[in-house]
Participant: 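Have a look at this one.
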Amino acid sequence: MTVTNTTKLLSEAPYLVKIGVQRGWLSYPKGMAFKADGTPDPVMQDEPEVTEQRHTPDLARKAYDLRDRGLSLNDVATACQVPRGSVVYLITKGHELYLASQRKDIEP
């Protein structure tokens, strides 16, 4: 594709998307805001969302101990009240804390 063809295609893109939506080939996300001329108005999040971190060393040790007892990842996540995606991280950190405590017992 040449630069001229790419430029022409990009200039026609809003029209092509509009035709695709009208014919049912494409759709906008639910709850999409639109400008007065009917074009989509993307909503940009200005400030990043900051969530509270609850991954304390005690919680990590608890997650490791529960997993070591044979609980599933879902059960450990439920017991620690963390998202399923965070539980493997917590178990790993708990294992590191466990190994560090074992090294302290061995070293003179």
Participant: Going by the rule side-chain hydrogen bond (donor to acceptor under 3.5 Å, both in side chains), which residues pair with Glu12 if we only count those two or more places apart in sequence or in a different chain?
Facilitator: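 With sequence neighbours excluded, Glu12 shows a side-chain hydrogen bond (donor to acceptor under 3.5 Å, both in side chains) to no residue whatsoever.
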Participant: List the atom pairs, with distances to 0.1 Å, where a side-chain N or O of residues 57-76 and a protein N or O form a donor-acceptor pair under 3.5 Å, not counting sequence neighbours.
Facilitator:
residue : atom : partner : partner atom : Å
Lys62   : NZ   : Ala79   : O            : 3.3
Arg67   : NH1  : Leu71   : O            : 2.8
Ser72   : OG   : Asp75   : N            : 3.2
Ser72   : OG   : Asp75   : OD2          : 3.1
Asn74   : OD1  : Arg84   : NE           : 2.7

Participant: In terms of hydrophobic clustering (I, L, V, M, F, W, Y; side-chain heavy atoms under 4.5 Å; direct or indirect links), are Leu99 and Leu90 co-clustered?
Facilitator: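 Yes, it is one cluster - the side chains of Leu99 and Leu90 are joined through contacts under 4.5 Å.
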Participant: Could you state the interatomic distance from CG (Leu16) to OG (Ser11), rounded to the nearest 0.5 Å?
Facilitator: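 It comes to 9.0 Å.
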Participant: Would you say Gln81 has more than 12 foreign heavy atoms packed within less than 6.0 Å of its CD?
Facilitator: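 At most 12 heavy atoms, drawn from other residues, nucleotides or ligands, come within 6.0 Å of this atom.
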Participant: According to side chain to side chain contact (heavy atoms under 4.5 Å, CB included), who are the partners of Thr92, at least two apart in sequence or on a separate chain?
Facilitator: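 Listed in chain order: Val88, Glu96.
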Participant: Can you get from Leu97 to Val82 by hopping between Ile, Leu, Val, Met, Phe, Trp and Tyr side chains that sit under 4.5 Å apart?
Facilitator: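 Hydrophobic grouping puts Leu97 apart from Val82.
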